[in-house]
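Remember, it's 1-based here, ligands and their atoms both numbered in the order they're listed. The shown structure was predicted, so the numbers you read here are calculated from the model rather than taken from an experiment. When a residue number appears, it is its place in the shown sequence, counting from 1.
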Amino acid sequence: MGYPNVMRILVTGGAGFLGSHLCERLLKAGHEVVCLDNLFTGRKGNVSHLLDNKNFEFVRHDVVDPFKAEVDQIYNLACPASPVHYQFNSIKTVKTSVMGAINVLGLAKRVKARVLQASTSEVYGDPSVHPQPESYWGNVNCIGIRSCYDEGKRVAETLFFDYNRQHNLDIRIMRIFNTYGPRMHPNDGRVVSNFIVQALKGVPITIYGEGQQTRSFCYCDDLLEGMVRLMENDKGFIGPCNIGNPGEFTIRELAEKVIALTGSTSKLVFEPLPSDDPKQRRPDITLAKEKLGWEPTIELEEGLKKTIAYFDELLSKGASGYADPAKVDG
Ligand code: NAD
Ligand code: UDP
């Protein structure tokens, strides 16, 4: 059965960085959007410009508790994504991933909605296969400080596939690799926003370890294009599908790029490397290319310029209203 052109779509975590861009994009395509968020790391300010739109609805709710909505599609993004924030209340992070997945899957089953899970490259842990294809089962510590997130997301994938096998539920799984862009929280704690905010403030840039670990950074617009293509794909491809930019950089290279692009006088300082920090990460995006005709188009330097412009404006306004999310009880 095909989907109507105009749908009612639920976005959990819709007031977060990626969720708010997704809500905007779905509204622009003419859909009705229900944005559900407990505002742990998201902000109403991310979607305040959408509140006047008659097709947009904001619901403050925690995905750990069941909820009802008559919708055609569900994008499940609710979960803190920054290590600082998912480790702040690690038990809650597991609940959010696992009970959140059970609740969205139960809802999807009841209303026969298609449901997409925002999974993560963290399911590969500290990978021993490089770059990472979807067929790689990963190298994950189940008792470490990152486990609440990694294992929570792995169980969520398991639940999605079990609902697909047991109830024929129409699922999609995308594995997101490090994505950055405007609307990241200035206190988010992830590397791109940290380095840009530090550079713009002229304070030291905090490199964990020696900065030789690598990441591959995807600009948010590219990521969302991949996300929507995976959701809309009707050719039987449900994933898991890596979506990310294969351009790979050391963290030190990233710091140097940010300093060059901001013209900052910030110095580099080296701090201890957190445990289980993956040494390398780069997506193999062969499947996304083949099945979705998707590949990223925005180079790191171009994406960084847009993100720097966003934070520059935000900081010049004093970034008021930006409480530290780690101080909010999630
Ligand atoms: P984010 O922290 O900005 O967004 C997460 C949103 O989920 C926030 O609005 C937060 O308030 C909300 N949320 C958290 N717990 C909730 C709960 N219990 N109930 C309801 N809402 C809750 O992070 P993001 O970068 O926009 O990430 C969005 C999704 O994408 C997450 O699921 C994350 O795991 C996944 N992801 C992101 C990246 C990335 O690099 N940005 C990488 C891999 C996976
Ligand atoms: N990192 C860093 N300085 C910071 C924040 C992060 O050197 O201020 C490093 C971190 O140790 C990791 C990489 O940057 O190796 C990416 O961290 P992030 O928290 O953005 O995401 P991760 O991919 O680790 O989940």
Those atoms of ligand 2 less than 4.0 Å from some heavy atom in F195: 3 (N), 4 (C), 8 (O)
Could you tabulate the donor-acceptor pairs under 3.5 Å formed by side-chain atoms of residues 159-166, not counting sequence neighbours?
unit_1 : atom_1 : unit_2 : atom_2 : d
D162   : OD1    : R165   : NH2    : 2.9
N164   : ND2    : L169   : O      : 2.9

Can you measure from CG (N38) to CZ (R60) and round to the nearest 0.5 angstrom? 7.5 Å
Smallest separation among heavy atoms of V123 and V140, with atom names: O-CG2, 3.4 Å
Could you walk me through whether Y75 and L22 pass the side-chain contact (heavy atoms from CB on, under 4.5 Å) check? CA-CA 9 Å; Y75 288 84; L22 176 63; 3.5 Å; yes
Can you tell me how far the SG atom of C79 sits from the NZ atom of K153, to the nearest 0.5 Å? 4.0 Å
Ionic contact status for R114 with D234, cut-off 4.0 Å: yes
For ligand 1, which atoms have a heavy atom of P80 less than 4.0 angstrom away? 14 (C), 15 (N)
Working note: E232 + Q73, criterion side-chain contact (heavy atoms from CB on, under 4.5 Å); need CA distance, chi angles, decisive distance, verdict. CA-CA 10 Å; E232 304 279 287; Q73 287 186 344; 3.6 Å; yes
Check whether any heavy atom of S82 sits under 4.0 Å from an atom of ligand 2. no
Do N194 and ligand 2 have an N or O pair less than 3.5 Å apart? yes
Closest non-hydrogen contact found for L50 with C23 is CD1-CB, 4.0 Å
Within the structure, does D188 bring an N/O atom to less than 3.5 angstrom of an N/O atom in ligand 1? no
Heavy-atom closest contact (N46 atom, A15 atom, distance): ND2-O, 2.8 Å
Report yes or no: does a heavy atom of G100 sit under 4.0 Å from some atom of ligand 1? no
Please state whether H61 comes within less than 4.0 angstrom of ligand 1, counting heavy atoms only. yes
May I ask you to check whether R43 has an N/O atom sitting below 3.5 Å from an N/O atom of ligand 1? no
SB check K305 E302 (cutoff 4.0 Å): no
Closest to atom 8 (C) of ligand 1 among N38, L39, T41 (heavy-atom distance): T41
Nearest-0.5 Å distance, CD1 of residue I145 to CG of residue D277: 8.5 Å
As an exercise, identify every atom of ligand 2 less than 4.0 angstrom from a heavy atom of R146. 22 (P), 24 (O), 25 (O)
Would you check the N or O atoms of L18, main chain and side chain alike, for any that come under 3.5 Å of an N or O of ligand 1? yes
Please list, in number order, the atoms of ligand 1 under 4.0 Å from a heavy atom of Y149. 33 (C), 34 (O), 36 (N), 43 (C), 44 (C)
Under 3.5 Å between any N/O of T96 and any N/O of ligand 1: does that happen in this structure? yes
Quick check on E122 - does any of its heavy atoms sit under 4.0 Å from an atom of ligand 2? yes
Identify all side-chain donor-acceptor contacts of residues 245-261 below 3.5 Å with residues at least two apart in sequence or on another chain.
unit_1 : atom_1 : unit_2 : atom_2 : d
N245   : OD1    : G247   : N      : 3.0
N245   : ND2    : I298   : O      : 3.3
E248   : OE1    : H130   : NE2    : 3.1
E248   : OE1    : R282   : NE     : 2.8
E248   : OE2    : H130   : NE2    : 3.0
E248   : OE2    : T214   : OG1    : 2.6
T250   : OG1    : E253   : N      : 3.0
R252   : NE     : E256   : OE2    : 3.1
E253   : OE1    : T250   : N      : 2.8

Per-atom contacts, ligand 2 versus I207 - under 4.0 Å to a heavy atom: 7 (O)
Would you tell me which option among G16, C35, A118, C79 has the nearest heavy-atom contact to atom 7 (O) of ligand 1? C79
Is there a salt bridge (charged side-chain N to carboxylate O under 4.0 Å, His left out) between E122 and R175? Walk through the geometry before answering. CA-CA 8 Å; E122 287 288 323; R175 293 183 178 157; over 6 Å; no
Shortest non-hydrogen contact from F237 to N233? O-ND2, 2.7 Å
So, is R190 polar-close to ligand 2, with some N/O to N/O distance under 3.5 Å? no
Using a strict threshold of under 4.0 Å (side-chain N to carboxylate O), is an ion pair present between K54 and E32? no
Checking salt bridge (charged side-chain N to carboxylate O under 4.0 Å, His left out) against E70, which of R8, R110, K112 comes through? R110
So for N178 against ligand 2, with non-hydrogen atoms under 4.0 Å, the contacting part is side chain
Going by distance only, is there an N or O of V63 that falls short of 3.5 Å from an N or O of ligand 1? yes
Where L18 and L224 come nearest, the two heavy atoms and their spacing: O-CD2, 4.1 Å
My understanding is that we take every heavy atom of each candidate and find the minimum distance to atom 28 (C) of ligand 1. Doing that for L77, V64, D37, which one comes out nearest? L77
How close does the nearest protein non-hydrogen atom get to atom 10 (C) of ligand 2, and which residue and atom is it? D277 OD2, 3.3 Å
Mind checking whether E210 contacts ligand 2 via backbone (N, CA, C, O), side chain (CB onward), both or neither, at a 4.0 Å heavy-atom cut-off? neither
For atom 23 (O) of ligand 1, the option (of R175, R190, E122) bearing the nearest heavy atom: R190
Honestly, for V191 the part within reach of ligand 2 (heavy atoms, under 4.0 Å) is both
May I ask you to list the atoms of ligand 1 that are less than 4.0 angstrom from any heavy atom of G13? 6 (C), 7 (O), 9 (O), 12 (C)
Nitrogen or oxygen of F40 less than 3.5 angstrom from that of ligand 1: yes
For ligand 2, find out whether one of its N or O atoms is nearer than 3.5 Å to an N or O atom of R281. yes
Note: ligand 1 atoms sitting under 4.0 Å from heavy atoms of D62 are 17 (C), 18 (N), 19 (N)
Element-labelled atoms of ligand 1 that are located less than 4.0 Å from some non-hydrogen atom of A78: 7 (O), 20 (C), 21 (N), 22 (C)
Could you list the atoms of ligand 1 found under 4.0 angstrom from a heavy atom of G42? 8 (C), 9 (O), 10 (C), 11 (O)
Is there a polar contact between ligand 1 and I176, counting only N or O atoms under 3.5 Å apart? no
Test your reading of the structure: does N178 have an N or O sitting under 3.5 Å from an N or O of ligand 1? no
Is ligand 1 under 4.0 Å from a heavy atom in the side chain of S119, in the backbone, in both, or in neither? backbone
The test is side-chain contact (heavy atoms from CB on, under 4.5 Å); show your working for L287 and N242 and say whether it passes. CA-CA 8 Å; L287 258 187; N242 289 340; over 6 Å; no
Report the C-alpha distance between E271 and I207 in whole Å, list the side-chain angles of each, state the deciding distance to 0.1 Å, and finish with yes or no for side-chain contact (heavy atoms from CB on, under 4.5 Å). CA-CA 6 Å; E271 296 188 354; I207 294 191; over 6 Å; no
How does R215 reach ligand 2, if at all, at less than 4.0 Å between non-hydrogen atoms: by side chain, backbone, both, or neither? side chain
